[in-house]
Amino acid sequence: MTLPTCRVLEIFLKTPEEEIYGLQITRELELKSGTVHPILTRLEQAGWVESRWEDVDPRYEGRPRRRYYRLSSDGAVQAPRAITRMVSRRGALSYVLRPDLNGGAST
C-alpha cells in the first residue's frame with residue numbers, strides 16, 4: 001500500500017456512498033492522472049472500488065464521458081484497515097489518519 005493509494009482511498013471514505021470521477025480525485029489530491037488512474041484500476045481489480053461509465057452524449061456535453069467510481073462494500077470494510085496498517089508501519093510519515101475514519105482512530 002502506497003501513500004498515494006491511501007490518499008485515494010481516503011477520498012472514497014469521506015463519502016462512501018457517492019460516486020466520483022478520476023479527474024475530481026486528481027484535482028483534490030493534486031496528483032497526476034498517470035498516478036491516480038492506475039491506482040483506481042488496481043482498486044477495482046481488487047474489488048474495493050466499482051466503476052461505471054456515465055450515460056451522456058459527449059457531443060451534447062462538450063466533453064468526453066466520465067467514468068465514475070465508488071467504494072464497494074468490501075472496500076468500505078478493507079480500506080480503513082489497510083490505511084491504519086500502513087500508517088502504523090510508516091509512523092515516521094507525516095500522514096495523519098483523519099478522525100472520521102475507522103471509528104475515530106487517529107495517529
Q: Could you tell me whether Arg63 atom CZ has more than 12 heavy atoms of other residues or ligands within 6.0 Å of it?
A: yes

Q) What distance separates Ile11 CD1 from Ile20 CD1, expressed to the nearest 0.5 Å? A) 6.0 Å

Q) About how many Å separate OG of Ser51 and CG of Leu40, when rounded to the nearest 0.5 Å? A) 8.5 Å

Q) Which residue pairs pass the salt bridge (charged side-chain N to carboxylate O under 4.0 Å, His left out) test with at least one member in residues 30-48, sequence neighbours excluded? A) Glu44-Arg67

Q. Which other residues end up in the same hydrophobic cluster as Val77, if Ile, Leu, Val, Met, Phe, Trp and Tyr are linked when side-chain heavy atoms come under 4.5 Å apart?
A. none

Q: Drop me the distance from Ser88's OG to Ile83's CD1, to the nearest 0.5 angstrom.
A: 12.0 Å

Q) Does any non-hydrogen side-chain atom of Met86 lie less than 4.5 Å from one of Leu3? A) yes

Q: Report whether Met1 and Leu13 are members of the same hydrophobic cluster (ILVMFWY, side-chain heavy atoms less than 4.5 Å apart, transitive linking).
A: yes

Q | Residue pair Glu28 / Lys14, side-chain heavy-atom distance below 4.5 Å | A | yes

Q: Scan residues 15-27 for pairs that pass salt bridge (charged side-chain N to carboxylate O under 4.0 Å, His left out), counting only residues two or more places apart or in two chains.
A: Glu19-Arg52

Q: Output the distance between atom CG (Leu43) and atom CZ (Phe12), rounded to the nearest 0.5 Å.
A: 7.0 Å

Q) Which ring pair (Phe, Tyr, Trp, His ring centres under 6.0 Å) pairs, counting each pair once, include a residue from residues 63-89, with sequence neighbours left out? A) Tyr21-Tyr68

(Q) Please enumerate all residues that pass salt bridge (charged side-chain N to carboxylate O under 4.0 Å, His left out) together with Arg66, with sequence neighbours excluded. (A) none

Q: Might you point out which heavy atoms bring Pro58 and Pro64 nearest each other, and give the distance in Å?
A: CB-CA, 4.3 Å

Q: Keeping to residues at least two apart or across chains, list the ring pair (Phe, Tyr, Trp, His ring centres under 6.0 Å) pairs with something in residues 26-52.
A: none

Q | N/O donor-acceptor pair under 3.5 Å between Thr35 side chain and Leu31 backbone | A | no

Q: Kindly give the heavy-atom pair with the smallest separation between Ser33 and Pro38, and that separation in Å.
A: O-CD, 3.7 Å

Q) What's the shortest heavy-atom distance between Ala79 and Leu9, and which atoms? A) CB-CD2, 3.9 Å

Q) Judged by atom type as modelled, is there a donor-acceptor pair below 3.5 Å linking the side chain of Ser72 to the main-chain atoms of Glu50? A) no

Q | Flag side-chain contact, heavy atom, 4.5 Å: Ile39 against Pro4 | A | yes

